[in-house]
Structures are given as C-alpha cells and as structure tokens.
S.K.: 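This is the structure I have questions about; it appears just below.
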Amino acid sequence: MAAMAEPNPFTEAKRRAHVEAAFAVDEVRLANRNAGILLEALRHDVTPVGLHYLLNHFDVPYVADDRWQLALHGHVLRPMSLSLADLKARPARTLRVTMECAGNGRGLLTPRYPSMPWLHEAVGTAEWTGTALKGVLELAQLDDAVTEIAFIGADRGFDRGVEHSFGRSLKRELALSDDVLLAWAMNGEPLPPQHGYPLRLIVPGWYGMGNVKWLSRIEALAQPYQGFQQAVGYRYRPAPGLPGTPVTHMRVKALLVPPGIPDWYSRHRLLDAGPTEVFGRAWSGGGVPIVRVEVGINGRWQQASLDPPHSKFAWQAWRYLWQAQAGEYALACRATDANGESQPLEPRWDSGGFGNNAVQGVRVWVR
Ligand SMILES: Nc1nc2c(c(=O)[nH]1)N[C@H]1C(S)=C(S)[C@@H](COP(=O)(O)O)O[C@H]1N2
Ligand SMILES: [Mo]
C-alpha cells in the first residue's frame with residue numbers, strides 16, 4: 001500500500017477544495033444502480049437481502065406470474081415447459097453460497113475498462129433454496145451429443161452493438177453435478193425482483209456471472225454456446241483484443257471490516273489505542289477451503305485465527321486481536337486456500353478488469 005501522505009483525520013479541519021477533475025458519469029450511473037455490500041455487513045454470516053451486492057447488466061425484467069414458464073429444450077428427448085409450481089414440487093435444497101462479481105476490484109486497476117467500477121464490495125453470502133438442476137435435466141433426458149447447457153435470462157439489452165438476453169453456459173458435467181440449483185428463494189423469501197425473481201441459477205464456487213437471474217430458458221447444446229456474455233463478455237484477457245479464456249471460479253480473497261469509526265469523505269478509520277479485534281471473511285472458488293488468513297500491519301504479516309467453516313461454499317470468518325498503539329497504519333488482509341493459492345499484493349491487470357483479488361488496504365489512525 002502507498003505511503004501515507006494524507007492529513008490526520010483526527011485533526012484536519014479544512015473544507016475540501018472544489019474539484020473540476022472529470023469522473024465518468026456513465027460509471028457513476030452504473031455504480032448507483034449496482035450497489036455493493038457495506039463492508040461492515042461482512043459481520044453477518046448470511047448477508048441480509050438488502051445488503052447483498054447487486055449486478056444487473058440491463059433493466060430488471062418484469063414477467064407476470066401467470067405467464068412465467070421455464071422452457072427446457074434443444075438436444076433433449078423430452079422438451080418441456082415448467083411452471084414455478086412444477087419446480088417447487090420437486091425435492092428442495094438450501095445451500096449457503098458466497099458470490100462475488102468477477103469485476104470486483106476493477107475500479108482499482110490502471111488503466112481500467114469502462115464498466116462497473118467496483119472497489120472491494122461486490123460480494124455477499126445468501127442461503128439459496130431451489131431444486132437440483134441435475135434432476136430437471138434427467139427428466140428432460142439429454143442426448144449423448146450434449147456437451148453444454150445454456151441458461152438464458154429474461155432481461156435484454158445491447159452491449160457493443162450486440163442485442164442479447166443475458167446468458168451463460170455450463171459444461172455438461174458441471175450442469176449434472178449435485179450442487180447447481182434452480183433457486184426460487186433467497187434467505188427463505190421469494191427472490192426479490194433485483195436478484196432474479198422468480199427463478200435463477202446458482203453455481204456455487206463460481207464468480208457471479210454464472211448465476212443467471214430471471215431464468216426463462218435452458219437449452220441443451222451439442223456445440224459451444226456463443227452468447228455474448230460467454231463468447232465475448234466474461235473472459236480473462238492479458239491485453240485487449242485477444243480471444244482470452246473464460247472466467248469461471250472465484251479466486252481466493254479475504255476482506256476485513258474496517259475497524260473504529262470512519263471519516264465521512266475518505267472513509268479512513270479512526271480509533272482509540274488498545275486491544276482491537278480486526279475481523280472479516282475469506283473465501284475461495286470451487287469449494288476449495290481456506291487454510292490461512294494473515295493480517296498486515298504496516299507491512300508486517302501476522303496470522304489470524306479462523307472460525308470453523310459453516311459449509312463448503314460459504315465464506316469463513318477470521319479474527320485477529322490487534323494491540324493498537326497511537327500512530328498511522330496501513331491494514332491489510334490476505335487469504336491462502338488449500339490449493340496453495342494466495343492473494344497478490346498488487347493487482348494483476350486484466351483487460352476487462354476481471355479477477356482482481358489483490359489484498360484490500362485500509363488506512364487507520366489511532367489516538
Ligand atoms: N439475467 C442476468 N443474470 C445475471 C446478471 C445479469 O445482468 N442478468 N448479472 C450476473 C452477474 S455479472 C453477477 S455478478 C450476478 C449478481 O447477482 P446478484 O445481483 O444477485 O448479486 O448475477 C449474474 N446473473
Ligand atoms: Mo458480475
């Protein structure tokens with residue numbers, strides 16, 4: 001983290017100077033629509049619905065309840081149309097899942113791709129209730145030729161001149177695994193409109209883009225899905241213009257709840273000297289467990305303790321008791337998973353701003 005050259009927020013009383021520097025109105029508009037979690041809400045094991053982050057590419061679509069059907073077609077023996085009641089009559093399952101937007105951290109890259117300028121806050125954990133996708137696909141009976149399944153939402157818009165509904169696909173094997181859900185409830189309530197009412201896909205361990213909301217169509221394919229968000233949108237590209245590789249699992253990450261109280265504008269933290277619990281959450285992708293979290297205090301790394309994990313796909317709480325003494329600090333946290341993956345200190349640049357799991361830094365003044 002950069003050296004501190006900023007005024008002490010305990011004593012700084014000057015009015016901020018007016019600025020003429022440009023900000024991109026388009027980025028601010030997207031940021032006002034797509035709220036992030038409030039970092040203090042990381043204290044909840046399950047994120048209350050209104051505090052879960054939100055990422056909608058287009059408008060929230062409206063479909064009247066009595067007209068809603070899920071179409072399941074393509075290379076299947078029995079194409080079908082399912083009502084919400086048909087789906088709810090099937091065996092239900094609830095999974096606690098941490099979901100993070102693949103673009104989380106994009107706003108911290110330089111140069112950055114003009115899109116949703118997330119800093120750290122595009123993450124949340126919810127309890128999703130639905131039925132296993134696997135069972136529904138078995139009902140429809142996939143052809144042997146099927147290699148992937150596409151999931152298409154009811155929302156529609158344009159991106160770079162291409163009109164499309166938001167859609168993503170999963171490889172056959174993943175679509176037939178036990179943990180992928182067709183979910184109708186979030187934290188025990190029907191999905192709210194902004195989170196996909198009446199039905200969404202839940203792909204535990206993946207970045208958010210796989211969790212297609214307002215699901216209206218499932219298509220079994222014998223060739224790769226060519227939808228915009230699959231073939232063009234969510235791909236890692238070390239340089240613009242390259243074909244890139246698809247974004248799939250979440251990368252390992254930890255976030256801390258900023259300690260003390262904030263300065264309004266900078267959100268730097270102020271606190272009194274003494275024992276201070278620094279705590280937060282850590283998660284990785286694909287159900288890989290977290291093995292270590294460290295807290296950085298002015299660049300010196302100390303081991304935090306991990307609370308017991310709740311479940312395979314949910315974030316894990318960690319804590320560290322800091323004996324805070326008067327001074328200025330850069331706090332950071334860093335997680336390592338069971339594959340030995342850890343977080344870089346500086347962001348890895350990506351053309352679309354995907355997968356930035358660099359450590360979070362928080363500035364703290366102690367008196
Ligand atoms: N139909 C549809 N599904 C979608 C999206 C979308 O714009 N349309 N956004 C995706 C992205 S990029 C993310 S990060 C998650 C966000 O889910 P949430 O808004 O419920 O947190 O939904 C995914 N599913
Ligand atoms: Mo996302």
Side-chain angles (χ1 to χ4, degrees), residues 30-31 33-38 41 46-63 68 70 97-107 113 115-130 150-159 162-170 180-187 189-218 225 227-230 232-236 246-251 253 285 315 350 352-357:
L30 286 182
R33 287 183 57 81
N34 293 294
I37 195 172
L38 305 177
V46 174
T47 311
V49 169
L51 290 168
H52 194 282
Y53 86 96
L54 194 63
L55 193 294
N56 297 334
H57 283 246
F58 306 133
D59 296 352
V60 173
Y62 176 76
V63 186
W68 188 86
L70 175 67
V97 174
T98 295
M99 189 188 296
E100 182 189 10
C101 179
N104 204 11
R106 174 186 291 120
Y113 188 69
S115 180
M116 175 65 200
W118 296 117
L119 303 181
H120 296 290
E121 56 293 277
V123 66
T125 296
E127 296 206 312
W128 303 100
T129 303
F151 302 87
I152 294 134
D155 50 337
R156 201 157 178 84
F158 276 80
D159 195 350
V162 181
E163 183 178 353
H164 61 280
S165 295
F166 187 97
R168 292 279 308 183
S169 71
L170 297 178
V180 179
L181 296 184
L182 297 171
W184 54 77
M186 179 182 191
N187 297 357
E189 300 286 339
L191 295 182
Q194 68 275 25
H195 290 290
Y197 182 86
L199 191 76
R200 80 180 298 175
L201 190 67
I202 291 294
V203 188
W206 276 43
Y207 277 123
M209 76 280 138
N211 300 260
V212 177
K213 304 195 271 193
W214 314 293
L215 189 60
S216 64
R217 206 153 68 72
I218 299 179
Y225 176 57
F228 183 88
Q229 302 296 343
Q230 185 82 21
V232 183
Y234 283 88
R235 299 180 78 86
Y236 290 120
V247 176
T248 58
H249 295 107
M250 296 185 290
R251 288 176 170 165
K253 188 177 271 186
W315 58 24
D350 176 76
F354 296 123
N356 177 8
N357 67 337

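These values consider heavy atoms only, across backbone and side chains, with no hydrogens, waters or symmetry-generated copies. Remember, it's 1-based here, ligands and their atoms both numbered in the order they're listed. Treat the numbers as computed from the prediction; the structure is a model and nothing was measured.
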S.K.: Answer whether the closest heavy-atom distance between the side chains of L170 and F151 falls below 4.5 Å.
M.R.: yes
S.K.: Would you sort out whether L201 and L182 count as a side-chain contact (heavy atoms from CB on, under 4.5 Å), showing the intermediate values?
M.R.: CA-CA 5 Å; L201 190 67; L182 297 171; 3.9 Å; yes
S.K.: Distance under 4.0 Å to a non-hydrogen atom of H52: what atoms of ligand 1 satisfy this?
M.R.: 21 (O)
S.K.: Answer with side chain, backbone, both or neither: which part of M99 has a heavy atom less than 4.0 angstrom from an atom of ligand 1?
M.R.: side chain
S.K.: Under 4.0 Å from a heavy atom of M209: which atoms of ligand 1 are those, numbered in the order shown and with their elements?
M.R.: 10 (C), 11 (C), 12 (S), 13 (C)
S.K.: Would you indicate whether the side-chain heavy atoms of W315 and T47 approach each other to under 4.5 Å?
M.R.: yes
S.K.: Are R156 and P61 packed together at the side-chain level, in the sense that at least one heavy-atom pair is separated by less than 4.5 angstrom?
M.R.: no
S.K.: Let me see the working for I152 and L215 under side-chain contact (heavy atoms from CB on, under 4.5 Å), right down to the final yes or no.
M.R.: CA-CA 6 Å; I152 294 134; L215 189 60; 5.8 Å; no
S.K.: Identify, by atom number and element, the atoms of ligand 1 in contact range of N211, meaning under 4.0 Å from any of its heavy atoms.
M.R.: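 Contacts of ligand 1 toward N211, numbered from 1: 22 (O), 23 (C), 24 (N).
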S.K.: Taking the side chain as every heavy atom from C-beta outward, state whether R106 and S115 have any atom pair closer than 4.5 Å.
M.R.: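 Yes, close enough: below the 4.5 Å cut-off.
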S.K.: Can you report which non-hydrogen protein atom sits closest to atom 19 (O) of ligand 1, along with the distance?
M.R.: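 It is K213 NZ, 2.5 Å.
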S.K.: Answer yes or no: is there a side-chain heavy-atom contact under 4.5 Å between M209 and W206?
M.R.: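 The answer is yes, as the side chains (C-beta and beyond) meet within the 4.5 Å cut-off.
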S.K.: If you measure from each heavy atom of R200 to ligand 1, is any distance below 4.0 Å?
M.R.: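 Per 4.0 Å heavy-atom rule, R200 contacts ligand 1.
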S.K.: Can you tell me which portion of L55 lies within the under-4.0 Å heavy-atom range of ligand 1? Options are side chain, backbone, both, or neither.
M.R.: both
S.K.: Which residue supplies the protein heavy atom nearest to atom 21 (O) of ligand 1, what is that atom called, and how far is it?
M.R.: Y53 O, 2.7 Å
S.K.: Does only the side chain of Y234 get under 4.0 Å from ligand 1, or the backbone, or both, or neither? Count heavy atoms.
M.R.: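 It is the side chain that gets close, since no backbone atom is under 4.0 Å.
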S.K.: Set out, in order, the CA-CA distance, both residues' side-chain angles and the distance that settles side-chain contact (heavy atoms from CB on, under 4.5 Å) for Y207 and E100, then state yes or no.
M.R.: CA-CA 5 Å; Y207 277 123; E100 182 189 10; 3.6 Å; yes
S.K.: Starting from atom 7 (O) of ligand 1, find the nearest protein heavy-atom neighbour and note its residue, name and distance.
M.R.: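 Answer for atom 7 (O) of ligand 1: H57 N, 2.8 Å.
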S.K.: For atom 8 (N) of ligand 1, what is the nearest protein heavy atom, given as residue, atom name and distance?
M.R.: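 Sorting protein heavy atoms by distance from atom 8 (N) of ligand 1 puts D155 OD2, 2.7 Å first.
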S.K.: Show which side-chain atoms of residues 49-57 pair as donor or acceptor with protein atoms under 3.5 Å away, not counting sequence neighbours.
M.R.:
{"unit_1": "Y53", "atom_1": "OH", "unit_2": "C101", "atom_2": "N", "d": "3.3"}
{"unit_1": "N56", "atom_1": "OD1", "unit_2": "K213", "atom_2": "NZ", "d": "2.5"}
{"unit_1": "H57", "atom_1": "NE2", "unit_2": "Y234", "atom_2": "OH", "d": "2.8"}

S.K.: Could you list which atoms of ligand 1 come closer than 4.0 Å to a heavy atom of N56?
M.R.: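 Those atoms are 7 (O).
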S.K.: Is there side-chain contact between I37 and H120, with at least one heavy-atom pair below 4.5 Å?
M.R.: no
S.K.: Are any of the N/O atoms on Q194, whether in the backbone or the side chain, positioned under 3.5 angstrom from an N/O atom of ligand 1?
M.R.: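 No, Q194 has no N/O under 3.5 Å of an N/O on ligand 1.
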S.K.: So between G208, G103, G157, G233, whose heavy atom ends up nearest atom 15 (C) of ligand 1?
M.R.: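 Residue with the shortest heavy-atom distance to the ligand atom: G208.
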S.K.: Using a 3.5 Å cut-off on N or O atoms only, is H195 in polar contact with ligand 1?
M.R.: yes
S.K.: Using the ring of W128 (Phe, Tyr or Trp, six-membered ring only), decide whether R200 places NZ or CZ under 6.0 Å from its centre and within 45 degrees of its axis.
M.R.: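 Checked: cation-pi criterion met.
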S.K.: So which protein heavy atom does atom 10 (C) of ligand 1 come closest to, and at what separation?
M.R.: F166 CZ, 3.7 Å
S.K.: Atoms of ligand 1 less than 4.0 Å from C101 heavy atoms?
M.R.: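 Heavy-atom distances to C101 below 4.0 Å select 14 (S).
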